[in-house]
There are 2 protein chains.
Amino acid sequence: MVRPGGRSARVQQSVHAAVRELVAEVGRDALTVPMVATRAGVTPSTIYRRWGDLQELLSDVAVERLRPETDPADLGSLRADLDAWAEQFIDEMASPPGRAYIRDALLGDPDGTNAGQCSAYAAEQIDVVLARAAQRGEPVPETELVIDRVVAPIMYRILFRPGRLDAAYARELVTHALDARQTEAGARLTRAAAPRRSKKKSGH
Amino acid sequence: MVRPGGRSARVQQSVHAAVRELVAEVGRDALTVPMVATRAGVTPSTIYRRWGDLQELLSDVAVERLRPETDPADLGSLRADLDAWAEQFIDEMASPPGRAYIRDALLGDPDGTNAGQCSAYAAEQIDVVLARAAQRGEPVPETELVIDRVVAPIMYRILFRPGRLDAAYARELVTHALDARQTEAGARLTRAAAPRRSKKKSGH
DNA sequence: AGCTTAATGCGATTTTGTTGCTTCTAGGCG
DNA sequence: CGCCTAGAAGCAACAAAATCGCATTAAGCT
């Protein structure tokens, strides 16, 4: 039986809050489970039982923070919307805290659930932009194509390369993703079903 | 002062070997630092001092295993070489052990050194293929462009999406990377200096 | 060979992680 | 409305791990 409300929910909230506070105060490296437990006003065993270890807890918190809060801005054209979205994506994800959240989300994630969720967030945002453009009558590429050509290169650089990521790079990627010939040819590239979220027992 | 030889080197070798053996025997989840230390014939404090924690040790071992052992095959044309390389890349990286190594490499890597090294391995391999093609007089894209269009989408799927990765997908990515117009336009995309390896104290 | 110093070994100590059992409470049912 | 049930949290004893100071070993240099 799942218990989404009552005490369980309060415990989860206070634990999450404690993690966020302590990460800000002492840094992620100094964080320990007993420390979080004390701050949250619970016993360590509660955390160990619900999350297993610090990594999974951090992963849980990280996915929460990576969830986009608003729909992408509507600037009147697909080009402008995608540009703005990609630029904001880079700003959020490539910043030191953003990188840390991405790493944490990937980290304590044995089954890839959290990683899939992150990807799904990006796909949803792109879908909104593309649907709006289609509504306007603009030709639109497949979501998968935008992920391959815009999101993937950005994430690859964030995770694997020290190099810089700026707005100009974002625009180049978008230009390329919207290239007419590529957009038509892109249908061939469609594959890889969208990941679905299977709630954890700690459901939030 | 760095001590690349003698006892330090022997300790490192035996620790790495112990990790590989134990991962195969008991699995990564059951692995502990004291266990590795016993198998390697060293004291736990040695491992803690040199590697910090289990994650960094695993990251160290993972990078070793992700190092390509041979140059990409020469099949007579850029297209064939890249196809073959991408296909092999997917085979190795998308397999369960490959994914595990990638995760480990990213995991215990506070400064991104190991991740940069993984990226550098791929870049080196691609450079070999491209240099050979240039030698033959074929038009070649920038290394960065191949990374953005072939490597990045593959790694993104491996890390974030449950979907399938097969040879057909690899070929589509290569086709797209070699597209003539894109190859010319690609010069604009060049940025992000190649990462350089700064040896750890445990130097291997 | 002798010197210097990084690296390892060893053991005491602290901290973290695990487990069995009890207590509490949300949600279901009569 | 109050009992019942079972999942979740608390508690405490225990096991395992990580840390630290100090002694010892041995690379690398002159």
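Every chain is numbered from 1, with letters handed out A, B, ... down the list of sequences.
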* **Separation of D:dA16 C1' from B:Asp29 CG (nearest whole Å)** => 17 Å

* Structure fact -> Between B:Ala94 and B:Leu165 the two heavy atoms that sit nearest each other are CB-CD1, 3.9 Å

* Atom CD of A:Glu56 to atom P of C:dG17: distance rounded to whole Å? -> 13 Å

* Is the distance from OP1 or OP2 of D:dA8 to the nearest side-chain N or O of A:Arg10 less than 4.0 Å? -> no

* To do: Test for a donor-acceptor pair under 3.5 Å between the base of D:dG7 and the side chain of A:Arg49, counting only N and O atoms.
  => no

* Between A:His16 and A:Trp51, what is the ring plane arrangement, given parallel below 30°, perpendicular above 60°, and tilted in between? -> tilted

* To do: Rounded off to whole Å, could you give me the CD-to-P distance for the A:Gln12 and D:dA9 pair?
  => 10 Å

* Under the 3.5 angstrom rule, does the side chain of A:Arg103 hit a backbone N or O of B:Leu107 as a donor-acceptor pair? -> yes

* Look at the side-chain N and O atoms of B:Tyr48 and state whether any lies under 4.0 Å from the OP1 or OP2 oxygen of D:dT19. => no

* Asked: Start at the 5' end of DNA chain C and walk down; is the nucleotide closest to B:Val11 or to A:Gly52 reached first?
  -> B:Val11

* What is the distance, rounded to the nearest whole Å, between atom CD1 of B:Ile47 and atom C1' of C:dG9? -> 13 Å

* Asked: Roughly how many Å is it from CG in A:Leu57 to P in C:dT16, rounded to a whole number?
  -> 15 Å

* Structure fact -> Residues of residues 31-46 of chain A with a heavy atom under 4.0 Å from any atom of DNA chain C, listed by number, are A:Thr32, A:Val33, A:Pro34, A:Ser45

* Asked: Would you say B:Asp53's side chain and B:Glu56's backbone share a donor-acceptor pair under 3.5 angstrom?
  -> yes

* Below 3.5 Å, does any donor atom in the side chain of B:Arg50 face an acceptor in the base of C:dG9, or the other way round? -> no

* Between P of C:dG17 and CG of B:Asp53, the distance in whole Å -> 12 Å

* To do: Find the distance between CD (B:Glu124) and CG (B:Asp71) and round it off to the nearest 0.5 Å.
  => 9.5 Å

* Mark yes or no for whether A:Arg136, through its side chain, and A:Gly76, through its backbone, hold a donor-acceptor pair below 3.5 Å. => yes

* Quick check: does any side chain N or O of A:Arg161 sit under 3.5 Å from a backbone N or O of A:Tyr156, one acting as donor and the other as acceptor? -> no

